[in-house]
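Notes follow the structure.
So that the names make sense, note that chain A is the first sequence line, chain B the second, and so on, each numbered from 1. These figures come from a predicted structure and were not determined experimentally.
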Number of protein chains: 2
Amino acid sequence: MSAFSGNFSNKLDAKGRVSIPADFRSVLAPPGSKARIVLRPSPLHPCLEGCTEAHFQALTDRLDTMDPFSAEYDDLATELHGQTIKLELDDDGRTVLPLSLIAEYGFSGTVKFIGLGRTFQIWEQAAGDQRLADLNAARRARALTRSSGAA
Amino acid sequence: MSAFSGNFSNKLDAKGRVSIPADFRSVLAPPGSKARIVLRPSPLHPCLEGCTEAHFQALTDRLDTMDPFSAEYDDLATELHGQTIKLELDDDGRTVLPLSLIAEYGFSGTVKFIGLGRTFQIWEQAAGDQRLADLNAARRARALTRSSGAA
DNA sequence: TGTATAGTCACGGGATATCATGGCGATTAG
DNA sequence: CTAATCGCCATGATATCCCGTGACTATACA
């Protein structure tokens with residue numbers, strides 16, 4: 001597998017450590033080698049967004065296509081680099097989330113990992129569940145609309 | 001055969017394992033090789049929907065044409081990947097359904113596989129039977145309505 | 001045609017590996 | 001010297017693998 005899929009709930013211990021789901025670890029690095037993740041605030045949601053270093057590189061490549069003196073360049077560069085944290089996983093597949101982030105996102109006890117393919121998100125448990133539920137409701141509404149239109 | 005057809009009832013054992021019907025296995029992978037299935041919640045029914053990795057790939061291909069920073073991308077990616085489970089079949093053609101799913105869909109003892117061609121569904125036995133019965137009833141009603149001109 | 005044989009399949013059980021998580025102790029910084 | 005951080009090990013739970021068994025089917029053979 002080479003994409004982040006599924007959602008997982010893992011515990012944040014007293015020291016701010018969390019296990020990265022094993023499925024995600026296998027995407028982040030070939031088994032055996034040190035895995036690293038790149039984390040930054042989601043531009044859309046109250047959650048963290050994580051990806052591989054390679055994917056982050058691909059995102060920043062986009063900067064090279066932009067006018068380096070434009071406001072857009074400045075905004076995107078700041079967004080991408082200004083709040084990005086690179087973390088290394090320990091031998092148990094865990095990483096330590098900085099206390100500031102834990103406080104900022106209201107993480108308490110359990111966090112939710114949601115796969116988005118090339119990236120994944122880390123939510124406060126309840127908020128993450130809500131996000132999925134909202135999407136499902138919308139999907140269901142779309143499906144029903146379609147079928148009643150066709151019938 | 002290259003489509004999921006027919007319906008089958010198989011048992012869920014104490015460990016949450018279930019045999020994938022042999023007919024479906026032959027669609028999922030050439031005999032001998034490891035078969036994988038992609039499962040996600042049905043948008044319309046209280047059941048799981050399964051398909052091949054290739055079919056899922058076709059669904060996610062659409063993401064590559066979208067702006068990865070847009071809300072649309074985020075929604076679709078979460079919808080597609082966020083609740084997707086990729087399972088590998090063991091040498092006996094079985095797979096393990098996560099406990100959370102078993103609870104969520106009320107699976108107990110026996111589950112029903114219903115082929116939908118490119119995909120298939122996994123229902124709690126009684127609900128799946130009901131689904132088929134409902135469809136037949138609706139079909140009969142339509143036929144009667146047509147023949148009598150109006151009902 | 002009736003019977004024996006081999007194959008496939010669903011299903012159960014038990015041994016083993018993997019994972020998430022708690023805790024301890026060493027190491028480092030202040 | 002104290003406190004925070006990091007690496008390592010212990011543990012329970014879960015998943016994975018590998019085996020055997022019985023039902024049913026298809027094939028071979030007399």
Side-chain angles (χ1 to χ4, degrees), chain A residues 1 4-37 50 85-103 107-115 120 122-123 125 128, chain B residues 1 4-37 39 50 85-104 107-115 120 122-123 125 128:
Chain A
M1 187 195 325
F4 300 105
S5 290
N7 66 91
F8 307 86
S9 291
N10 281 349
K11 281 192 184 172
L12 208 59
D13 74 10
K15 303 180 202 170
R17 293 184 299 186
V18 263
S19 288
I20 304 299
D23 283 5
F24 286 8
R25 288 205 295 268
S26 66
V27 178
L28 289 166
S33 66
K34 285 276 182 209
R36 291 186 183 187
I37 55 180
I85 308 169
K86 295 192 179 182
L87 296 175
E88 204 170 73
L89 305 201
D90 66 20
D91 291 339
D92 295 331
R94 285 188 285 196
T95 195
V96 181
L97 293 183
L99 269 176
S100 57
L101 287 182
I102 295 176
F107 294 155
S108 61
T110 305
V111 296
K112 186 133 204 152
F113 292 81
I114 301 179
F120 63 90
I122 305 178
W123 291 72
Q125 164 100 320
Chain B
M1 184 197 331
F4 301 105
S5 294
N7 67 92
F8 307 86
S9 292
N10 281 348
K11 277 195 186 174
L12 207 58
D13 72 14
K15 301 181 195 174
R17 292 182 300 186
V18 63
S19 287
I20 303 300
D23 283 4
F24 286 8
R25 287 207 294 269
S26 66
V27 178
L28 289 166
S33 67
K34 286 277 182 209
R36 291 185 181 185
I37 56 179
L39 287 182
I85 305 167
K86 296 189 178 181
L87 297 174
E88 209 172 64
L89 304 202
D90 65 20
D91 292 338
D92 297 331
R94 284 187 288 195
T95 195
V96 181
L97 294 182
L99 216 65
S100 56
L101 286 184
I102 294 176
E104 186 175 346
F107 294 154
S108 61
T110 304
V111 295
K112 185 134 205 151
F113 292 81
I114 302 179
F120 62 90
I122 304 179
W123 290 73
Q125 165 98 321

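Looking at heavy atoms from C-beta onward, B:Leu39 lies out of side-chain contact with B:Thr95 at the 4.5 angstrom threshold. Looking at heavy atoms from C-beta onward, A:Val96 lies out of side-chain contact with A:Lys15 at the 4.5 angstrom threshold.
Between the CG atom of A:Asp23 and the P atom of D:dA15 there is a distance of 12 Å, rounded to whole Å. Straight-line distance from the CZ atom of A:Phe8 to the P atom of C:dC19: 12 Å, rounded to whole Å. Spacing between atom CG of B:Leu97 and atom P of D:dT16 amounts to 12 Å, rounded to whole angstrom units. Rounded to whole Å, atom P of D:dA15 lies 20 Å from atom NZ of B:Lys86. Atom P of nucleotide D:dT5 and atom CG of A:Leu87 are separated by 14 Å, given to the nearest angstrom. Atom NZ in A:Lys15 sits roughly 13 Å away from atom C1' in D:dA3 (whole-Å rounding). Separating the CG atom of A:Leu89 from the C1' atom of D:dC8 is a distance of 16 Å, rounded to the nearest angstrom. The CD1-P distance, from A:Ile102 to D:dT5, rounds to 10 Å in whole Å.
Note on A:Ile20: only backbone sugar-phosphate atoms sit closer than 4.0 angstrom, heavy atoms only; bases stay farther off. Using a 4.0 Å heavy-atom criterion, one finds that B:Asp91 contacts the sugar-phosphate atoms exclusively. Heavy atoms of B:Asp13 sit under 4.0 angstrom from primed sugar atoms or phosphate atoms, though from no base atom.
Distance from the side chain of B:Asn10 is smallest to C:dC11 among C:dA20, C:dC11, C:dG12. If you check C:dC9, C:dC19, C:dG22 against the side chain of A:Lys11, the one that comes closest is C:dG22. For A:Arg17, taking side-chain heavy atoms from C-beta onward, the closest of the listed nucleotides C:dC11, D:dC6, D:dC8 is D:dC8. Comparing atom distances between the A:Ser19 side chain and each of C:dA20, C:dA10, D:dC18 picks out C:dA20 as nearest. Listed nucleotides D:dT16, D:dC8, C:dC11 differ in distance to B:Arg94; the shortest reach to its side chain belongs to C:dC11.
With B:Asp92 contributing its side chain and B:Arg94 its backbone, the two residues share no donor-acceptor pair below 3.5 Å. At distances below 3.5 Å, not a single donor-acceptor pair connects side-chain atoms of A:Asn10 with backbone N or O atoms of A:Val18.
Nearest-nucleotide positions on DNA chain D place A:Leu99 closer to the 5' end than the other of A:Leu99 and A:Asp92.
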Open item on the list: Evaluate B:Ile37 against B:Glu88 for side chain to side chain contact (heavy atoms under 4.5 Å, CB included), listing each step before the verdict.
Closed with: CA-CA 6 Å; B:Ile37 56 179; B:Glu88 209 172 64; over 6 Å; no
